[in-house]
Asks: 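Have a look at this one.
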Amino acid sequence: QRMKIIGVGIAAAILTLAPVMPAGAATPGAQENISFTVADVSSMTAKVVDLDYQARTATLKDDEGNVRTVKVADYVTNFKQMRRGDTVTMEVDQTMTVEVQPGPGDTQNIGTESQTSAMPGQKPSGILTIEGRLKTRVEAIDYDARTVTFKNRKGVLTKYKIGKDAKRFDEVRRGDMLVIDYKQTT
């Protein structure tokens, strides 16, 4: 009789706890959220054709003859050592791991920036690393071009090309939330 009462008590406890299991717990036949990675490495080399030390700008000309003026960030030390005719190289390494959460949600951006720069007397240089987590809404999607548009960490609409390796891309919808773990080194 006592074993029967203990057995009923354990069964009642299991039934009471069952509805409390987390919603994300795996259930047979349930699909995981869509996820994919976007990785991009780019490099640019150009010649310095003009400098404005006071405004911290450099006018650069690349190998194709394209000319553009860029603002030189404060973390690039020894800027005044740059001269016309110098060669400048900029490399950007960016990785984003994305999980799509269907339906509406709240946006969020939690991130950090860190900078390193050259010691006095060394070549002008600097490294900027930005990393964090962004939760943002899909604003537009083009299935044929495989692009998704969303507000980046600064609130600016940005379009990204999604590679063919991203499975179930056709299931992503406008209004879905993207949870993005990002890291960019410049």
Asks: Just by distance, with hydrogens left out, do Thr59 and Thr69 show a side-chain donor and acceptor under 3.5 Å apart?
Replies: yes
Asks: NZ of Lys161: more than 12 outside heavy atoms within 6.0 angstrom?
Replies: yes
Asks: Over all heavy atoms of both residues, which pair between Phe79 and Thr57 is shortest? Give the atoms and the distance, please.
Replies: CZ-O, 3.7 Å
Asks: Evaluate the side chain to side chain donor-acceptor pair (under 3.5 Å) criterion for residues Asn152 and Tyr160: first the C-alpha distance (whole Å), next the side-chain angles of each, then the deciding distance (0.1 Å), finally the verdict.
Replies: CA-CA 10 Å; Asn152 68 14; Tyr160 282 92; over 6 Å; no
Asks: Check whether any side-chain heavy atom of Asp40 lies under 4.5 Å from a side-chain heavy atom of Val92, and answer yes or no.
Replies: no
Asks: Contact between Lys135 and Thr107 at the side-chain level, heavy atoms closer than 4.5 Å - yes or no?
Replies: no
Asks: Other residues, nucleotides and ligands only: do more than 12 of their heavy atoms fall within 6.0 Å of CG on Asn66?
Replies: yes
Asks: How are the rings of Tyr143 and Phe169 set relative to one another: parallel (under 30°), tilted (30 to 60°) or perpendicular (over 60°)?
Replies: perpendicular
Asks: Mind checking whether Tyr53 and Val76 sit in one hydrophobic cluster, side chains of I, L, V, M, F, W, Y counted as touching below 4.5 Å?
Replies: yes
Asks: Between CD1 of Ile162 and OG1 of Thr37, what distance do you get to the nearest 0.5 Å?
Replies: 10.0 Å
Asks: Which value, rounded to the nearest 0.5 Å, describes the distance between Thr129 atom OG1 and Gln115 atom CD?
Replies: 9.5 Å
Asks: Taking Asn109 for the side chain and Arg153 for the main chain, is one N or O donor matched with an acceptor at less than 3.5 Å?
Replies: yes
Asks: Which heavy-atom pair separates Gly103 from Met177 by the least distance, and what is that distance?
Replies: O-CG, 3.5 Å
Asks: If you apply the rule side-chain contact (heavy atoms from CB on, under 4.5 Å), what do you find for Lys123 with Asn78, and how did you get there?
Replies: CA-CA 7 Å; Lys123 287 183 181 181; Asn78 304 329; over 6 Å; no
Asks: Is there a side-chain contact between Phe150 and Val138, using heavy atoms and a 4.5 Å cut-off?
Replies: no
Asks: Between Ala118 and Thr77, which heavy-atom pair has the shortest distance, and what is it?
Replies: O-OG1, 2.9 Å
Asks: Side-chain heavy atoms nearer than 4.5 Å, only ILVMFWY residues, links allowed to pass through others: does that put Leu134 and Phe36 together?
Replies: yes
Asks: With a 3.5 Å distance limit and no angle check, can you tell me whether Thr186 reaches the backbone of Gln184 through a side-chain donor-acceptor pair?
Replies: no
Asks: Is it the case that atom NZ in Lys151 sees more than 12 heavy atoms from other parts of the structure closer than 6.0 Å?
Replies: no
Asks: Could you report the tightest heavy-atom contact between Arg168 and Ile34, atom names first, then the distance?
Replies: O-CD1, 3.4 Å
Asks: Are more than 12 heavy atoms, taken from residues, nucleotides or ligands other than Arg68, located less than 6.0 Å from that residue's CZ atom?
Replies: no
Asks: Got a second to check how far Thr136's OG1 is from Leu178's CG, nearest 0.5 Å?
Replies: 6.5 Å
Asks: From Arg146 CZ over to Ile141 CD1, what is the distance, rounded to the nearest 0.5 angstrom?
Replies: 9.0 Å
Asks: Just so I know, are the side chains of Lys183 and Thr185 near enough to count as touching, which here means a heavy-atom distance under 4.5 Å?
Replies: yes
Asks: Which distance, rounded to the nearest 0.5 Å, do you find between the OG of Ser114 and the CD1 of Ile130?
Replies: 9.0 Å
Asks: Please tell me whether Val179 and Val100 are part of a single hydrophobic cluster in this structure, the criterion being side-chain heavy atoms less than 4.5 Å apart.
Replies: no
Asks: Quick one, Ser35 and Thr97 - any side-chain contact, counting heavy atoms below 4.5 Å?
Replies: no
Asks: Could you give me the CA-CA distance, side-chain angles and deciding distance for Leu60 and Val48, then say whether side-chain contact (heavy atoms from CB on, under 4.5 Å) is met?
Replies: CA-CA 5 Å; Leu60 307 173; Val48 177; 3.9 Å; yes
Asks: Say whether, by atom type as modelled, one donor and one acceptor occur between the side chain of Gln81 and the main chain of Gln122 under 3.5 angstrom.
Replies: yes
Asks: List the atom of Pro102, the atom of Asp176, and the distance in Å for their closest heavy-atom pair.
Replies: CA-OD1, 3.4 Å
Asks: Show your working on side-chain contact (heavy atoms from CB on, under 4.5 Å) between Glu91 and Val41 and close with a plain yes or no.
Replies: CA-CA 7 Å; Glu91 297 173 349; Val41 177; over 6 Å; no
Asks: What I'd like to find out is whether the side chain of Thr112 reaches to under 4.5 Å of the side chain of Glu131, using heavy atoms alone.
Replies: yes
Asks: Taking the side chain as every heavy atom from C-beta outward, state whether Lys159 and Asp142 have any atom pair closer than 4.5 Å.
Replies: no
Asks: Could you state whether Met44 and Val70 fall into the same hydrophobic cluster, counting links through intermediate Ile, Leu, Val, Met, Phe, Trp or Tyr residues with side-chain heavy atoms under 4.5 angstrom apart?
Replies: yes
Asks: Has the side chain of Lys71 got a donor or acceptor atom that lies under 3.5 Å from a matching backbone atom of Ala55?
Replies: yes
Asks: Compare every heavy atom of Gly111 with every heavy atom of Tyr182, then report the nearest pair and how far apart it is.
Replies: OH-CA, 3.8 Å
Asks: Show, in sequence, the C-alpha distance, side-chain angles and deciding distance for Glu139 and Arg137, and conclude whether the side-chain contact (heavy atoms from CB on, under 4.5 Å) test is met.
Replies: CA-CA 6 Å; Glu139 300 292 337; Arg137 189 170 293 101; 3.8 Å; yes
